[in-house]
Number of protein chains: 2
Amino acid sequence: MTQERPDLRERKKRATQEALREAALRLALERGTANVRVGDIAEAAGVSPRTYNNYFSSREQAIVAAVTAQRETRIAEAMAAQPAHVPLTDAVTAAIVDIYTTPGDDDHAALLLITTDPALRHAFLDTTAAIEAPLTTAIAQRLGHTDRCLLYTVPTGSLPGLLRAALAPLAPALDTAR
Amino acid sequence: MTQERPDLRERKKRATQEALREAALRLALERGTANVRVGDIAEAAGVSPRTYNNYFSSREQAIVAAVTAQRETRIAEAMAAQPAHVPLTDAVTAAIVDIYTTPGDDDHAALLLITTDPALRHAFLDTTAAIEAPLTTAIAQRLGHTDRCLLYTVPTGSLPGLLRAALAPLAPALDTAR
DNA sequence: CAGGAAACTTGCGTGCACGCAAGTTTGCGT
DNA sequence: ACGCAAACTTGCGTGCACGCAAGTTTCCTG
């Protein structure tokens, strides 16, 4: 695995993107979405407001991106944690259930934030669902080729059982994929 | 006093300049001047080697600049600390003496570094003497106009008495300046 | 509902950071 | 003394960050 190291420019770009996401989420959690100015996020991330809009084309996108990124890494981790011999179907459902049952630091609050605010919800649905990317790559790694699966899961009174039920319909698709 | 705040670009430029100076001095003190690569300084400051040479045109300049900057601020502080009623002559000599007698953290080591290494000495003398700028501004503030004074003081076995002696010739010039 | 202020988003020109490649210096081993 | 290798310095082209100004949205107030 040649760990292709990106050059300095690339690293800095990623760093400011992450700084912006992080700052946006933190501020939104601290004082509520309505009280966060673009200038505040930019300042907290150490860049100009103009630069914010070079990375995100709306005020909400950064917040959504932050949550999305969090969940992407968590899903990837959860999938990687599954032993290889576990059937694909079970691995996927377990990984997703894991997210909703064992939340990280501000994960719950962030989700609440997004599901509460209309603008955030809209921005969230604009992005391809947060769970798609890491799942497809994980699945692709298991199988030989790339299949796409699209999941929309909005947690309303969510319990592990509810989740399993909601994910059950996917089982045949995943099985036939192999 | 309208504290004219420089814009973000300016602040960032100053920041990286300072980061470079700081990194250069720290590394030079840690491992000796000979074992410091330009790339190391740049990396420690978070910029590319190319950028180092946008700020300093030689490997030694950053180290020298670091010491120079340190001394500039210390001289400025020392001059500011003098009560206004103290005669100009005494204020200047006291400020300079203060530098050599009550050194800061790595001030001594830094000076030793510079006076030891030939390349550093050369680079140091290339820059207008470290003490000039803050002194002239301080003096200018006291008088109404701008006078220039050039001091070359290389501390060889320096003692307060030696310093006072060396600075004595300046007294008449400073007195007539008023 | 009209008017206006504050915040947002975007096009544009400028300046700095970067990577690259060429030319130069430095220091070392033979 | 010679040649080589590593490090340094600099010109050049490209891309990103910034400031600015214009157009738009949003929200509040009369």
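The shown structure was predicted, so the numbers you read here are calculated from the model rather than taken from an experiment. Letters A, B, ... are given to chains in the order of the sequence lines, protein chains preceding strands, and every chain is numbered from 1.
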* If a protein heavy atom is under 4.0 Å from the base, mark B; if only from the sugar-phosphate, S; if neither, -; do that for nucleotides 20-26 of chain C going 5' to 3'. => B------
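Counting only heavy atoms from C-beta outward, the side chains of A:T16 and A:T51 never approach each other to under 4.5 Å.
With distances taken from any side-chain atom of B:K13 to the nucleotides D:dA17, C:dT9, C:dA17, the minimum falls on C:dA17. Among C:dC8, C:dA17, D:dC18, the nucleotide with an atom closest to any side-chain atom of B:T51 is C:dA17. Minimum atom distance to the side chain of B:S48 is reached by C:dC18, of the listed D:dT10, D:dC8, C:dC18. If you check C:dA17, C:dC8, C:dT14 against the side chain of A:V38, the one that comes closest is C:dC8. In the set D:dT14, D:dA17, D:dT10, D:dT10 carries the atom at the smallest distance from any side-chain atom of B:N53. When distances run from any side-chain atom of A:D7 to the nucleotides C:dC18, C:dG19, D:dT9, the shortest one goes to C:dG19.
Residue contacts for B:R37: at a heavy-atom cut-off of 4.0 Å it reaches the sugar-phosphate backbone alone, with no base atom in range. Across all strands shown, A:F56 has no heavy atoms under 4.0 Å from either base or sugar-phosphate atoms.
Side-chain N/O atoms of B:R59 and base N/O atoms of D:dC8 include no donor-acceptor pair closer than 3.5 Å.
The residue among B:Y55 and A:P49 whose nearest nucleotide of DNA chain C lies closer to the 5′ end is A:P49.
In this structure, the OH atom of A:Y52 is 15 Å from the P atom of D:dA17, given to the nearest Å.
Salt-bridge annotation for B:E18 and B:R14: absent, with no side-chain N of the basic residue lying under 4.0 Å from a carboxylate O of the acidic one.
The backbone N or O of B:V36 lies less than 3.5 Å from a partner atom in the side chain of B:R59, making a donor-acceptor pair.
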